[in-house]
Amino acid sequence: MTQRRSVGLEPKEWELESLKSESQHARVFSPSNIALAKYWGKRHVELNLPTNSSLSVSLADFGSFTTVEFHKSFESDRVILNRKEEAPTQMVKVRRILDELRRVAGTDLRARVQSANNFPTAAGLASSASGISAVTLAASEALGLGLPASDLSEIARKGSGSACRSFFGGYVEWTRGSRADGSDSRAAMVVPGTHWPLSIVIAVISGAKKHHASTGGMELTRRTSPYFKPWVECAEKQASEIRSAVLEKSFLRLADLVESNCIRMHASAMAAFPPVIYWHGGTIEIMRQIHDLRARGVPVFFTIDAGPNVVALMEPGAEKTVEAALSKIRGLELLWTGIGNGPRVEQK
Ligand code: DP6
């Protein structure tokens with residue numbers, strides 16, 4: 001078993017090409033987030049409007065470092081991700097964000113986006129959450145728009161739903177909203193991480209590429225799973241119960257609710273046609289270990305996003321016991337972190 005904490009990156013580690021003189025640019029960091037109450041289903045596909053509200057924690061220091069630069073000499077938008085040029089077909093989400101911010105700023109300048117994540121790709125963290133929120137914040141700053149987090153959240157949502165929750169630290173809720181244009185479907189902080197500073201470990205069990213990216217898996221579930229409707233019926237209620245358990249700091253209640261929400265989401269996906277199965281054998285082994293620990297009184301619970309890896313959240317003080325239990329499972333990499341303060345502008 002190996003262990004890692006996050007590291008800060010220097011600009012030279014994510015900027016493959018040096019910045020143009022006299023460009024309008026900004027460098028930012030934006031965190032990844034882990035949903036305790038999941039977003040899994042869209043009521044409007046192009047706008048990424050969700051079928052239910054969701055609630056996440058922003059990670060302390062795992063996320064994306066990103067530079068966005070606008071310059072009159074650029075002929076088209078480009079994205080360099082983890083020091084490799086992205087194919088134009090991979091850039092749909094980013095271009096959607098840039099187009100929207102250009103419209104607000106009244107400019108047609110093209111952009112060069114350079115970005116890297118400080119977590120291993122195999123961690124299965126929603127890299128679109130940190131990546132898209134980072135591009136949105138950096139582009140807004142580079143264009144001198146200085147938009148508030150709430151407005152950035154709404155814009156980033158159109159690139160990737162979960163990205164709208166990465167503009168805030170602590171416990172963050174993305175409200176479903178009811179307007180057709182989605183202007184009330186955005187995120188806000190519920191309470192800061194200091195309210196209840198749980199520890200977090202990401203147990204990475206496989207470097208295997210996932211079969212379905214979340215966007216595709218979610219749509220297939222919505223279109224073909226007979227369990228999608230029942231999932232949606234309980235998801236909104238569970239999001240509000242999870243919110244109350246966080247506010248009351250009721251650990252055992254939160255543990256039961258978050259695990260149930262995760263399993264219901266995955267059950268709806270598994271019943272899609274063809275099935276969307278993210279779990280590996282190791283996923284279930286870790287789930288069982290965590291249940292055994294909780295049965296022995298250790299305050300820990302799990303959740304799983306669209307991949308095989310398991311995220312465990314625990315009361316501070318339980319880390320050593322959790323680590324000892326997980327070390328019985330072969331081939332795991334453990335990434336330790338906590339609840340963070342949200343994004344930051346590194347340089348304008
Ligand atoms: C399982 O935000 O990646 O992580 O809106 O299509 O870009 P798009 O999907 P995305 O989905 C995240 C799904 C999830 C649950 C969650 O984060 O709430």
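In listed order, ligands and their atoms are each counted from 1. Because only heavy atoms are used, hydrogens play no part in the values below, and waters and symmetry mates are left out as well, while side chains stay in.
Nearest-residue assignment for atom 2 (O) of ligand 1 (options S56, A37, S214, S162; heavy-atom criterion): S162.
Between atom SG of residue C262 and atom CD1 of residue I34 there is a gap of 11.0 Å, rounded to the nearest 0.5 Å. In this structure, F29 CZ and F62 CZ are separated by 9.5 Å, a value rounded to the nearest 0.5 Å. Distance CG/L47 to CZ/R96: 8.5 Å, rounded to 0.5 Å.
For ligand 1, the atoms closer than 4.0 angstrom to any heavy atom of N48 are 5 (O). Using a 4.0 Å cut-off to heavy atoms of K93, the atoms of ligand 1 that qualify are 7 (O). Below 4.0 Å from some heavy atom of S128 lie the following atoms of ligand 1, by number and element: 3 (O). Under a 4.0 Å criterion applied to the non-hydrogen atoms of T215, ligand 1 contributes the atoms 6 (O), 7 (O), 8 (P). Set against the non-hydrogen atoms of A306, the atoms of ligand 1 under 4.0 Å away are 1 (C).
Every N/O-N/O distance between A35 and ligand 1 stays at or above 3.5 Å. For the pair S160 and ligand 1, the shortest N or O to N or O distance falls below 3.5 Å. Of the N or O atoms in K38, none lie within a sub-3.5 Å distance of an N or O in ligand 1. Where the criterion is an N or O separation shorter than 3.5 Å, residue side chain and backbone included, N33 fails it with respect to ligand 1.
Counting heavy atoms from C-beta outward, I304 and W279 have side chains that approach closer than 4.5 Å.
Assignment of S54 to the shell around ligand 1 is not supported, since no heavy atom sits closer than 4.0 Å. Within the structure, ligand 1 has R165 among the residues with a heavy atom less than 4.0 angstrom away. Not a single heavy atom of R157 sits under 4.0 Å from any atom of ligand 1.
Within 6.0 Å of CZ on R83 lie more than 12 heavy atoms contributed by other residues, nucleotides or ligands.
Hydrophobic clustering (side-chain heavy atoms under 4.5 Å, transitive across Ile, Leu, Val, Met, Phe, Trp, Tyr) groups M189 together with I155.
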request  = Dump the intermediate steps for side chain to side chain contact (heavy atoms under 4.5 Å, CB included) on E333 and L335, then the final yes or no.
outcome  = CA-CA 7 Å; E333 178 175 18; L335 305 174; 4.0 Å; yes
inquiry  = Please determine whether ring-ring contact (aromatic ring centres under 6.0 Å, His included) holds for the pair H291 and F302, giving the CA-CA distance in whole Å, both sets of side-chain angles, and the decisive distance to 0.1 Å.
reply    = CA-CA 9 Å; H291 275 177; F302 66 76; 5.4 Å; yes
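At a threshold of 4.0 Å, the pair R78-E85 counts as salt-bridged, since one of the basic side-chain nitrogens sits closer than that to a carboxylate oxygen.
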